[in-house]
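Inspection log for the structure reproduced underneath, given as structure tokens.
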Amino acid sequence: QVQLVESGGGLVQAGGSLRLSCAASERTFSNYHMGWFRQAPGKEREFVAVISRSGVWSAYADAVKGRFTVSRDNAKNSGYLQMNSLRPEATAVYSCAISSSVLRSDYFRRPTWYEYWGQGTQVTVPV
């Protein structure tokens, strides 16, 4: 059982930046692809970004492309989401998740593709 703990959320003004972290409890973190999702009140969980096991490949939702950057440090069993030029619509609970499945098509956009989830961290961007 891998435990994931997110941190780095908070209140930030529109146009500002935040860096979220995802710490894994296991050294096997490097065996998993890592994704970030967000869920706003009253809305479904939404794919944000994903990074491959080695960190060589990544993908983003169109809504965040060019402003968010996903990264990882397998030596530290940690992943990150750098969020720049934040907008009010980014307000949500952000969660990291990991998957040991084979990367194919766009399955990584589906929450069900992931095996372990963190509890999430709140990001608030006031209007």
Side-chain angles (χ1 to χ4, degrees):
Q1 184 83 9
V2 181
Q3 294 184 332
L4 303 173
V5 179
E6 301 92 340
S7 60
L11 176 70
V12 61
Q13 296 302 313
S17 298
L18 278 177
R19 188 192 193 211
L20 305 184
S21 297
C22 174
S25 63
E26 303 279 337
R27 292 182 181 178
T28 54
F29 176 69
S30 60
N31 294 341
Y32 297 87
H33 308 299
M34 184 192 72
W36 286 94
F37 285 76
R38 65 187 180 186
Q39 188 167 20
K43 295 187 177 181
E44 292 187 355
R45 185 173 283 174
E46 174 187 32
F47 167 77
V48 175
V50 65
I51 188 167
S52 61
R53 294 183 181 99
S54 64
V56 171
W57 176 88
S58 61
Y60 298 88
D62 288 344
V64 306
K65 202 172 293 183
R67 298 183 297 113
F68 289 16
T69 302
V70 61
S71 62
R72 66 191 297 162
D73 185 341
N74 287 338
K76 295 183 178 179
N77 300 327
S78 294
Y80 309 97
L81 184 68
Q82 177 67 43
M83 306 186 295
N84 298 330
S85 302
L86 282 163
R87 303 167 180 170
E89 52 264 38
T91 295
V93 174
Y94 284 72
S95 300
C96 63
I98 57 175
S99 172
S100 61
S101 297
V102 174
L103 269 172
R104 58 174 177 171
S105 187
D106 64 348
Y107 285 13
F108 55 81
R109 298 179 184 273
R110 308 175 187 180
T112 53
W113 190 70
Y114 297 84
E115 296 154 56
Y116 300 104
W117 289 82
Q119 291 299 309
T121 184
Q122 176 71 45
V123 172
T124 302
V125 187
V127 174

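Just so we're clear, the structure is a prediction, and the values are computed from it rather than from any experiment.
To the nearest 0.5 Å, the span separating CD1 on I98 from CG on L4 amounts to 4.5 Å. For the atom pair OG (S52) and CE (M34), the distance works out to 10.0 Å, reported to the nearest 0.5 Å. S25 OG to Q1 CD: the interatomic distance, rounded to the nearest 0.5 Å, is 8.0 Å. The structure places CZ of R109 at 10.5 Å from CD of E46, a figure rounded to the nearest 0.5 Å. Between atom NE2 of residue H33 and atom CH2 of residue W113 there is a gap of 4.5 Å, rounded to the nearest 0.5 Å. In this structure, CD in E26 is found 10.5 Å from CG in N31, a value given to the nearest 0.5 Å.
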*Output, in order, the C-alpha distance, side-chain angles, deciding distance and verdict of side-chain contact (heavy atoms from CB on, under 4.5 Å) for L81 and F68.*
CA-CA 7 Å; L81 184 68; F68 289 16; 4.3 Å; yes
_Stepwise side-chain contact (heavy atoms from CB on, under 4.5 Å) test for Q122 and T91_ = CA-CA 8 Å; Q122 176 71 45; T91 295; 4.0 Å; yes
*Show your working on side-chain contact (heavy atoms from CB on, under 4.5 Å) between R27 and N77 and close with a plain yes or no.*
CA-CA 6 Å; R27 292 182 181 178; N77 300 327; 4.0 Å; yes
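The ring pair (Phe, Tyr, Trp, His ring centres under 6.0 Å) test with F108 singles out one residue from W57, Y114, W36, and that residue is W57.
Listed here is the closest heavy atom pair of A40 and A92: N-CB, 3.8 Å. Between S58 and Y60, the shortest heavy-atom contact is OG-CE1, 3.7 Å. Taking every heavy atom of both residues into account, S21 and Y80 meet most closely at OG-CD2, 3.4 Å. Nearest heavy atom pair, residue V12 against residue P126, reads O-CD, 3.2 Å. Residues Q13 and V125 come closest through the heavy atom pair C-CG1, 4.0 Å. Across all their heavy atoms, F29 and R72 have their closest contact at O-NH2, 2.9 Å.
Judged by distance alone, the side chain of N74 and the main-chain N or O of S54 form no donor-acceptor pair under 3.5 Å.
Residues Y94 and F37 do not share a hydrophobic cluster, clusters being chains of Ile/Leu/Val/Met/Phe/Trp/Tyr side chains in contact below 4.5 Å. Taken together through direct or relayed side-chain contacts under 4.5 Å among Ile, Leu, Val, Met, Phe, Trp and Tyr, V5 and L18 form parts of separate hydrophobic clusters.
Between Y32 and Y116, the two ring planes are perpendicular [angle over 60°; tilted spans 30° to 60°].
Between S100 and E115 there is a side-chain heavy-atom pair separated by less than 4.5 Å. Taking 4.5 Å as the limit, every side-chain heavy atom of L20 sits out of range of all side-chain heavy atoms of E6. Between R45 and W117, some side-chain heavy-atom pair lies under the 4.5 Å cut-off. The closest side-chain heavy-atom distance from S101 to Y107 is not below 4.5 Å.
Residues Q39 and S95 bring no donor and acceptor atom of their side chains to less than 3.5 Å of each other.
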